[in-house]
Amino acid sequence: MPFVPNTINAVVLYGKKTCDRLVEILNYWQTILTDHAWDQYLFLCVTSPEDEWSFPGEGEVTPATQELINKQVIRCMHLKLDEND
């Protein structure tokens, strides 16, 4: 199978307060994007090493968003970034 690069759009959520809104953002995008369009996006949550944060964040998950999460359609990464480095 040949290697084929894909274009990925990164959505960067910076800071704990913003990352806490991940589910809210996903719920909103669910009203805009079709299932196959999610393949083009990577949600990158960036927090400081001192922040205690983990997926899926705070907020109510709608049934449609839960279905996307169960299908692993949504790609999310969490990066802890030290401002001093």
Side-chain angles (χ1 to χ4, degrees):
M1 175 185 278
F3 175 72
V4 180
N6 292 325
T7 302
I8 299 291
N9 298 299
V11 178
V12 179
L13 307 175
Y14 186 79
K16 184 181 183 306
K17 287 183 180 181
T18 306
C19 292
D20 285 344
R21 297 185 64 195
L22 174 64
V23 171
E24 180 183 336
I25 292 166
L26 294 177
N27 285 334
Y28 175 74
W29 281 43
Q30 174 65 31
T31 64
I32 300 169
L33 298 178
T34 60
D35 281 359
H36 68 276
W38 289 95
D39 292 343
Q40 299 173 10
Y41 294 93
L42 168 66
F43 292 85
L44 179 59
C45 297
V46 181
T47 62
S48 71
E50 297 83 30
D51 288 335
E52 291 294 324
W53 187 85
S54 61
F55 293 108
E58 295 175 0
E60 185 177 332
V61 178
T62 64
T65 302
Q66 185 63 53
E67 182 180 344
L68 288 174
I69 292 169
N70 291 344
K71 288 194 240 176
Q72 296 181 341
V73 173
I74 299 172
R75 289 188 250 178
C76 299
M77 291 180 61
H78 180 208
L79 176 66
K80 290 190 177 231
L81 184 64
D82 191 348
E83 294 176 2
N84 299 321
D85 288 341

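In this text, all values refer to a predicted model and were calculated from it rather than measured experimentally.
Within the 4.5 Å cutoff, side-chain heavy atoms of L26 are placed close to those of W38. Taking the side chain as every heavy atom from C-beta outward, V12 and V46 approach each other to under 4.5 Å. Inter-residue side-chain proximity for W53 and L22 is flagged as met; some heavy-atom pair is nearer than 4.5 Å. For the pair S48/D82, no side-chain contact is recorded, criterion being any heavy-atom separation below 4.5 Å from C-beta on.
Taking each heavy atom of K16 and E52 in turn, the nearest pair found is CE-O, 3.3 Å.
Atom-to-atom distance recorded for L13:CG and R21:CZ is 9.5 Å, nearest 0.5 angstrom. The OH atom of Y14 sits 9.5 Å away from the OG1 atom of T47 when rounded to the nearest 0.5 Å. Atom CG of L79 sits about 9.5 Å away from atom SG of C19, to the nearest 0.5 Å. Here CG of L81 is found 9.5 Å from CG of L44. Values are rounded to the nearest 0.5 Å.
Take T34 and apply the side-chain contact (heavy atoms from CB on, under 4.5 Å) test, not counting sequence neighbours, and it matches H36, A37. Residues passing the ring pair (Phe, Tyr, Trp, His ring centres under 6.0 Å) test with Y41 are W29, sequence neighbours excluded.
Of the possible donor and acceptor atoms, none in the side chain of K80 sits under 3.5 Å from a partner among the backbone N and O of E50.
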Go through the steps for L33 and Q40 under the test side chain to side chain contact (heavy atoms under 4.5 Å, CB included), then give the verdict. CA-CA 10 Å; L33 298 178; Q40 299 173 10; over 6 Å; no
